[in-house]
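Protein chains get the first letters and strands the later ones, always in sequence-line order, with residue 1 at the start of each.
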Amino acid sequence: MTELRLNNVSLSYSRRDGFGPVRSTEVLRRVSLSLAPGEFVAVIGRSGSGKTSLLNLAAGFVAPSEGRVTRAGEAITGPGADRAVVFQDDALYPWLSARDNVAFPLRLAGVGRIERRERAGELLGQVGLANEADRQIWELSGGQRQRVGIARALAARPDFLLMDEPLGALDAMTRERMQELLLGVWQVSGAGVLLITHSVEEALFLGTRVVVLAPHPGRIVLDRRFGFSQRFADGEAARVLKAAPDFIAAREELITAIYADETVAA
Amino acid sequence: MSAGETIVDEASKPSGAKRAAVRVSPALATGLTALVLLLLWLAASSLQWVSPVFLPHPTKVLAAVSRLLTQGYVDGTLWEHAAASLSRVFTALAFSVLVAVPVGLAIATSPLGRGVLDPLIEFIRPLPPLAYLPLIIIWFGIGEPSKVLVIALAMVAPIAISTAAGVRTASQNQVNAARSFGASRLDVLLHVQLPSAIPAILTGIRIALGAGWSTLVAAELVAASRGLGFMIQSAAQFLVTDIVIVGIFVISALAFAFEALLRVVERRFVRWSGRY
C-alpha cells in the first residue's frame, strides 16, 4: 500500500509572549486521514480549523506533536519529491523564466538541461501555457502564475500533489476554468491530490472525497465520498452539474457541517 | 488678433503657464547648481576673496589636469595614479565579496553562523579605517597587501549585512516549495536563497564601493608611491592645491561612473526585483 496516512495526529505550537508563561495552542487534535494515489481529497473548514497545518504535516514541513504521518507504512521525517506542494501565493522564483521554474524540480533530480527544458515545455503545454514558456514570471497574470506553479509541481512526478488553496487568490471566472484544468491534470497524472480550499462548491466539484474540519482545536467532523468530479469527467457540463439538485443538497449539507458548532453562538 | 481671443487665451492658460514655470526638471536643477558653484568659484578666485594658495583659479586647475596627464606628479601620470587606486579598490572588492557573501549567507541561514559572525561584523562595521590602520601595518607591513586589506575591511560589513537581509527576502513558501521537490539545504541555499539575495548584494556592493573610495586615502597614507590618495597627500604637503582639487574630482568621477555602471547591471540582470 503506497497511501499517505495521518494516524491519530495532533499538533500543538508553544508560544511565549515576552516574559509571560509558555502557552500551548492545539491546532489539530487526533486527526486520522488517508490519501491513496488517484484519489482527490478536498479539505474544507473555517479559518483556524488547521487546514494548512494538515497540509504542512502531510508535506513533512512540520512534525506532529502526537501520532504518526506515514507513507506506505514508513514514517515521514521531512519533505520529499514524492509529495509536491502548490501554494496559494504561487511561490515561484521570479529570477527564472516560466520554463525554468517548471524545470526546477528536474534540475534538482539531475535531469540534463536539454531534456528538462523539453519536458518543462510539455508540462506548460499541458496547463495551456505553451506560448508563455519563455516569459518572465512578473509578465504573467495571477491565473497564469498559478498554472506555472501546478506545472512545476507536476514536473517532480509526485505520487501526491498537495495544494494549499491554489485558486484562492483568483477571480471567479478564472477560478472556474482552473477547476476544470485541475481535474484534467489530476486525471492525466494519476497522482493522489490533497486540496485545501475554502470554497464548498469547489470542494464538491473536485473531490472524490470531501473532509470537513472544525476549529478550536482542528478536528475532522465529516469525511464522505462524492461522485461529481466523475460525472464531469463523463461529460456533464460544469455549470449544469453545479446547479443540479443533488449537488445543491450536498453543498447545503457540507455548509451545515462546517458551521455546526456555531449555531449556539448565533 | 481680436480682443475676444486674447481674453479666451488668458482665461485658459494662466494656471497651466504658472504650473509650467514652477515645474523644473531635476536635470536642469543639477546643471544650474553646478553652474552657480562654478561661477562662485570663478568669482572667489578672480576677485581674490580667498588666497590662490587655498583656492586656485579654475584655469589653474585645468592646467594642472593637462600637466598631470603629460608630465605627471610625484613620479606618475594621472592615469598611473588612477590605475593604482582602481586596482586597489577592485582587488579589495573582489576579496570582500568572496568573504562577505558566504558570511552573510551563514548569518542568515544558521544560528551558529549568526552567533559567531554577526558580532564580528557588528564589531568592525563602525570602526574608522584610520583606527585600525596602524595595527594592520604592524601586522602585515607596509606593502600592497596592507593597503588592500584596509579597504577590504571597510567593504566587508555592508556586503555581509546586505546579503543576510537579502537571503531573508526568500519567502517561507519559496523555500518550502523547493524542499517539497526534493531540495537539500544546500540546494535551497544555492538555488533559492542566494538568487533572491542578488538585488540586495548589488546594493551592498554599491554601499561598499562608497566605503572603499573613502578608505582609499587612508590606505595610501603609508608608504605608497602611486595612487590618487597618495597624490593628494603629497600635493597637500606642499600646498599644491590645484593637484589636490584634481585628485578630489577624479575620485568623485570614478566613484560616480562605477555607481552608474552598477545601476545598469542592476536594471539589466535583476529585472525581476521589485516587480514580483
Side-chain angles (χ1 to χ4, degrees), chain A residues 52 55-56 58-62 76-98 100-111 135-140 142 145 148-150 152-166 194, chain B residues 97 101-102 104-105 108-111 159 162-206 262-276:
Chain A
T52 296
L55 182 132
N56 285 341
F61 296 145
V62 293
I76 280 170
T77 52
D82 57 323
R83 288 157 283 131
V85 180
V86 178
F87 298 89
Q88 177 176 1
D89 71 334
D90 65 58
L92 297 174
Y93 304 127
W95 53 90
L96 299 176
S97 67
D100 289 338
N101 264 282
V102 176
F104 183 78
L106 302 169
R107 184 162 130 196
L108 290 175
V111 177
R135 292 277 196 97
Q136 298 301 311
I137 295 309
W138 38 269
E139 295 173 322
L140 302 177
R145 284 182 194 178
V148 174
I150 292 164
R152 181 177 66 171
L154 289 172
R157 293 219 174 148
D159 298 320
F160 298 97
L161 259 180
L162 312 177
M163 305 200 270
D164 192 0
E165 300 194 21
L194 182 73
Chain B
V97 167
V101 170
L105 292 177
T109 57
S110 132
I159 298 176
S162 305
T163 305
V167 166
R168 295 189 189 104
T169 61
S171 74
Q172 188 62 51
N173 283 350
Q174 284 175 321
V175 170
N176 275 346
R179 293 171 70 208
S180 91
F181 307 140
S184 64
R185 261 193 84 176
L186 185 67
D187 288 327
V188 169
L189 187 67
L190 293 181
H191 300 310
V192 180
Q193 290 168 317
L194 184 60
S196 355
I198 297 286
I201 291 174
L202 283 176
T203 305
I205 287 176
R206 274 165 54 191
L262 273 171
R263 278 171 196 262
V264 170
V265 168
E266 226 166 33
R267 267 202 297 271
R268 177 83 186 72
F269 294 102
V270 286
R271 284 192 297 160
W272 53 272
S273 174
R275 299 202 209 196
Y276 177 75

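- Taking the six-membered ring for Trp and the full ring otherwise, W272(B) and W95(A) have centroids separated by under 6.0 Å.
- With a threshold of 4.5 angstrom between heavy atoms, A156(A) approaches chain B through side-chain atoms but not through N, CA, C or O.
- Put simply, CG on L108(A) and CG on D187(B) are 5.0 Å apart, with the number rounded to the nearest 0.5 Å.
- Using a 4.5 Å cut-off between heavy atoms, A155(A) does not touch chain B at all.
- If you take CZ on R83(A) and CZ on R179(B), they are separated by 10.5 Å, rounding to the nearest 0.5 Å.
- Under the 4.5 Å side-chain criterion, counting only non-hydrogen atoms from C-beta, P94(A) is in contact with Q174(B).
- Annotation: side chain of F61(A) is not in contact with side chain of Q172(B) (no heavy-atom distance under 4.5 Å).
- For a residue to count as touching a neighbouring chain, one of its non-hydrogen atoms must lie under 4.5 Å from one of that chain's; by this rule A178(B) touches chain A with backbone and side chain alike.
- Residues F181(B) and V85(A) form no side-chain contact, since every pair of their non-hydrogen atoms from C-beta on lies 4.5 Å or further apart.
- Other residues, nucleotides and ligands contribute more than 12 heavy atoms inside 6.0 Å of the CZ atom of R206(B).
- Looking at S196(B), both its backbone and its side chain come within 4.5 Å of chain A, counting heavy atoms on both sides.
- Between F104(A) and V192(B), the closest side-chain pair of non-hydrogen atoms falls below 4.5 Å.
- Contact annotation for A84(A): both backbone and side-chain heavy atoms come within less than 4.5 Å of a heavy atom of chain B.
- Atoms CG and CG, on N173(B) and D164(A) in that order, are 7.5 Å from each other to the nearest 0.5 Å.
- With respect to chain A, the highest number of heavy-atom pairs below 4.5 Å among G182(B), S171(B), S180(B) belongs to S180(B).
- For chain A, no part of V270(B) is nearby; none of its heavy atoms comes within less than 4.5 Å.
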